[in-house]
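Handing you this structure, nothing more for now.
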Amino acid sequence: MKNLLNPYLWIILLVVGGISVVPILTGDASMREDLFLILMLVVLASSVNIITGYTGYVSFGNIVFFGLGGYFAFYLMQNFETNFVLAALVGGVGASIVAVLIGIPVLRLRGAYFALATIGINEAMRTFVANFDPFGGSVGMFFNYSVYNAYGGAKNALWFAYDGIVVVALATIAASFLIKKSKFGLGLLAIREDQDAAKVLGIDPARAKVIAYTFSAFFPALAGALFFFKNGIIEPDVAFDLLRSIEALVMVMLGGYGTVVGPIVGATVYERITALLITAPSITVLGVSLGFSQLHLAIAGFLLLLIVLFVTAGFVGWLRQRFPRTRRYLE
Amino acid sequence: MTNTASVILAVENVSMRFGGLVALDRVSLTVHEGEIFGIIGPNGAGKTTLFNVINGVYAPHEGRILFRGEDITGMPPFQASRRGIARTHQVVRPLGELTTKENAMVGACFGRENLSLEKSSIVADEILEFVGLAARQDMLAGKLNIAQKKRLEMARALAARPLLLLLDEVLAGLNPQEVAEMLTVIRKIRDQGVTIIMIEHLMHAVMNLSDRVFVLDYGAKIAEGAPQAVSSDPRVIEAYLGDPKMAQRLLEGSA
Amino acid sequence: MNLAVLVSSSIDGLMLGFIYGLAAMGLTLIFGVMRVINLAHGAVITLGMFALYLFSVQLGLNPYLALVLTLFLGLAFGVVMYFISVHRVINAPELTTLLATFSVDLIIVGVGTAIFTTSPFSVNVDLGTYGSGEITVLGTKIVAVLAAILITVALYYFLYRTRIGKSIRAVANNRSAAELMGINTTAMLALSFGLGTMLAMISGGLIATLFTFTILTGDDYQTKSFVIVVIGGLGNPTGALVGGILLGLLEGIATLFMQPSWVPVIEYVAFVLILLLRPNGLFGARA
Ligand SMILES: Nc1ncnc2c1ncn2[C@@H]1O[C@H](COP(=O)(O)OP(=O)(O)OP(=O)(O)O)[C@@H](O)[C@H]1O
Ligand SMILES: [Mg+2]
């Protein structure tokens, strides 16, 4: 694995890792919460970028794996007091198996049909889990606080979860980089550009797509396990939230479709903008008081529209086009 | 057939239909190692479809395809590629958002030799030099002009280090200068021992380059043999009668 | 099982189905003509509800006059939305058009939430009830169904009998060929988007005469529209209408046999299965 020694990979990991350790060193809990969310979004965006940005299959409902990972792990911890790491891994592997089973038939669909099918799968899962009693049905599941005892109480568990998301985010970024720079990744890009031509050139698209989809499922499942472990509660509408799924694609678009750094930048910028809008004071227009917290969706939509229309390649993609020399480094 | 070289490809009684349309009607042919085998025929004769059946884009409704003695009928195209069959597309299909070099690397990586990225990078450099695209290696393939895209098709196919190369009208749309360059490239490929089947409308090129020529019309073979013999075959001339210019060129080409 | 309950649930479902179908026709028309899945579909349906509310409750117009206004507003809104958010990216990969229309969805829902919050609204229209015994039907529902049928007939007349309609179909079949034939494809695309949006908005308006609604209600109908469009075959308006009726019937009857919360599970599973097994819809050609 020559790419493991690629300095560019280590620069990205050092930057992300360096920022991530700050709250651990300072013990700043509010910064920890912000960064947890950002890192989680990085995981979601970078993962969906593998199947969508690299391979060209728009996985609209990719959040289904986040939810599944969350539910699997939560169920094990709640009912069998399984250790978190083991439960999360089971969640990750479980979601990956589901991805393979779903992926084999669904990845045969192309274009809009695939995108629609992934929405359908997420919604089918959400409504099914809402009826599935072992997972608590529509109410979901709550932890007994005793679950946190193994991690030194609820407060320490938050730090534990943060450490976890840092590790998962770094792993996702590394995987995303190594895939992009590998022969397998080149095959994915070829499939994205022209699947039939890729097939003639010797690539087995069916196999490559399922593998890519599995990667796109594994990391979000781990993130889901962490997120719901931290929250101590899981319910279908939060676990399988289609809006969050689409937001992950927005972040990919914002930062740069098909690049490694794009989703990281996109997730960070998106989270910061929404956080800013939510906390901004309200304004009064024509006698109607409009809170930015309410308008944040509209403003996010407006920004998205501008990007989609005018900066199709996203921020990193734009840099690459504008300054071709950066292509070498900006993966 | 007096040629004693071993058979690399045998197409046996292959038929292919699209709905009611018979695109290939029990076509049989054999190609020998190291030869250039020309395929001609009027528009819509089924030439491209024949390629699609040979490399597995379509599974034929009947008949068999044997490649180096192995039955590859109905195998997906990527299997054909790994066994050493590479092709170019009549309508070019560049991987537009990848660079020229990356395009060639895809060919090398997933072709017959299944090379690593590092090795395919070396092969890609070599091949791009060979087809004259080295200066364009960092350009996005989608941005190449049509002649360059044709070369790119060729480069990708060659990068796979094929045993059998299927060329689908690589000369179409090129100016005389570009045609001459492409012909040189094709000769060089043959000299490296690669067997070539080429579909071509440009008669003088097919007639000069090919060891043997095969004529398709309405999906069926109407003639096969040495260029000289084929071009004076009355059935071939008749097939092209709908296209007098073509018939004329056919005669000139063999002159 | 009480027969009267069954009959009345079926009638109810059937009637709702027409309105579902009308909304879904809007979605499928746009997809059929330009291969764009309009993710603002639900938001546009909501817009129709609130347009009706504003015209009839705030401005005090007759609700059915308000409905006619909503129809024209929908057409205009769709054309504008096409030029702002779709035209520039009409040939871009799916993700681009999906996100472009999704951004419009965010804008509508965001602004709508800021103005109307997420609390329920209603338009009170009372046209009495008809029927006898256990089988009764609301007058508003009858009118809604008649309106849906009328609009469908008008749409078909327009698409198949008028010159512009034929041009739209030509553009749907093959845009570049239509362009060569001298058809102004941009105008036809904008018009189709307008028509699709109009259908969504008018169905929103009709729904508003029947039920209370919030700024988020359109989402439910959007997902239903997706299911219907897939049942009927993406791009096939007749299929959408039939699919809508089927879905309405299914919902009406299914709740008698199972818990209502299982109905969407069945809908979504059917949706995925149909996409996989019959991508051209239940009535379309085999895959
Ligand atoms: N995928 C397909 N579906 C339906 N019909 C097809 C398909 N591919 C080819 N055909 C039809 O089969 C016939 C043979 O087509 P083919 O492309 O093989 O001809 P060709 O000899 O390569 O012609 P040209 O010289 O124009 O390239 C044509 O009538 C064509 O329309
Ligand atoms: Mg051809």
Side-chain angles (χ1 to χ4, degrees), chain A residues 1-6 52-56 108 177-211 256-259 262 312-314 316-318 320-331, chain B residues 51-52 54-58 75-89 91-99 101-121 124 138-143 152-153 155-157 159-162 166 168:
Chain A
M1 267 275 154
K2 181 170 140 281
N3 283 316
L4 266 180
L5 300 176
N6 189 315
T52 301
Y54 296 176
T55 322
R108 288 195 327 235
F177 182 90
L178 293 174
I179 290 174
K180 175 102 192 258
K181 298 294 268 178
S182 70
K183 177 170 164 175
F184 169 67
L186 184 61
L188 296 182
L189 299 179
I191 292 172
R192 176 187 77 192
E193 294 303 318
D194 185 337
Q195 177 159 195
D196 295 321
K199 207 166 171 181
V200 166
L201 288 166
I203 295 162
D204 178 355
R207 184 168 158 274
K209 285 184 293 187
V210 170
I211 297 174
Y257 185 82
T259 64
T312 321
V316 174
W318 176 81
R320 278 167 60 99
Q321 283 172 1
R322 186 72 186 68
F323 307 102
R325 270 156 203 279
T326 60
R327 259 176 191 288
R328 269 220 148 77
Y329 313 103
L330 273 184
E331 280 302 337
Chain B
F51 273 12
N52 282 332
I54 292 174
N55 88 324
V57 172
Y58 302 136
M75 265 186 199
F78 56 86
Q79 297 279 11
S81 164
R82 287 169 198 174
R83 282 170 172 70
I85 301 178
R87 77 175 280 185
T88 67
H89 294 96
V91 180
V92 292
R93 306 187 81 150
L95 306 171
E97 292 288 316
L98 300 187
T99 63
K101 175 157 177 190
E102 284 165 336
N103 268 266
M105 282 173 67
V106 172
C109 268
F110 301 96
R112 182 170 63 89
E113 292 183 334
N114 197 17
L115 299 176
S116 69
L117 270 185
E118 290 76 21
K119 291 210 177 99
S120 56
S121 165
D138 289 328
M139 202 162 158
L140 290 187
K143 301 240 154 77
L152 182 64
E153 282 282 333
R156 272 191 331 205
R161 299 240 188 267
L166 310 177
D168 196 346

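Below, each value reflects all heavy atoms present in this structure, side chains not excepted, and no hydrogens, waters or symmetry copies.
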Side chain, backbone, both or neither of B/E118 within contact of chain A (heavy atoms, under 4.5 Å): side chain
Could you tell me which portion of B/N103 (side chain, backbone, both or neither) has an atom closer than 4.5 angstrom to a non-hydrogen atom of chain A?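 Contact with chain A is absent: no heavy atom of B/N103 under 4.5 Å.
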If every non-hydrogen atom of B/L95 is compared with every non-hydrogen atom of A/A197, which pair is closest and at what distance?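 Shortest heavy-atom separation between B/L95 and A/A197 comes out as CD2-CB, 4.5 Å.
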B/E97 versus A/R192, closest heavy-atom pair with distance: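 Nearest heavy atoms, B/E97 then A/R192: CB-NH2, 3.9 Å.
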At a 4.5 Å cut-off on heavy atoms, which part of B/R82 comes close to chain A: side chain, backbone, both, or neither? side chain
Could you tell me which of A/D204, A/L189, A/D196 has the largest number of non-hydrogen atom pairs under 4.5 Å with chain B? A/D204
Heavy-atom side-chain proximity of B/F110 to A/L201 below 4.5 angstrom: no
Are any side-chain N or O atoms of A/K183 and backbone N or O atoms of B/C109, one a donor and one an acceptor, separated by less than 3.5 Å? yes
So what's closer than 4.5 Å to chain A heavy atoms on B/V57: side chain, backbone, both or neither?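 The answer is the side chain of B/V57.
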Using a 4.5 Å cut-off on heavy atoms from C-beta on, say whether the side chain of A/V200 contacts that of B/H89.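 Yes; the side chains approach each other to less than 4.5 Å.
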Which atoms of B/L115 are under 4.5 Å from chain A, going by heavy atoms: the side chain, the backbone, both sets, or neither? backbone
If you compare all heavy atoms of A/G202 against all heavy atoms of B/S81, which two are closest, and at what distance to 0.1 Å? CA-OG, 3.3 Å
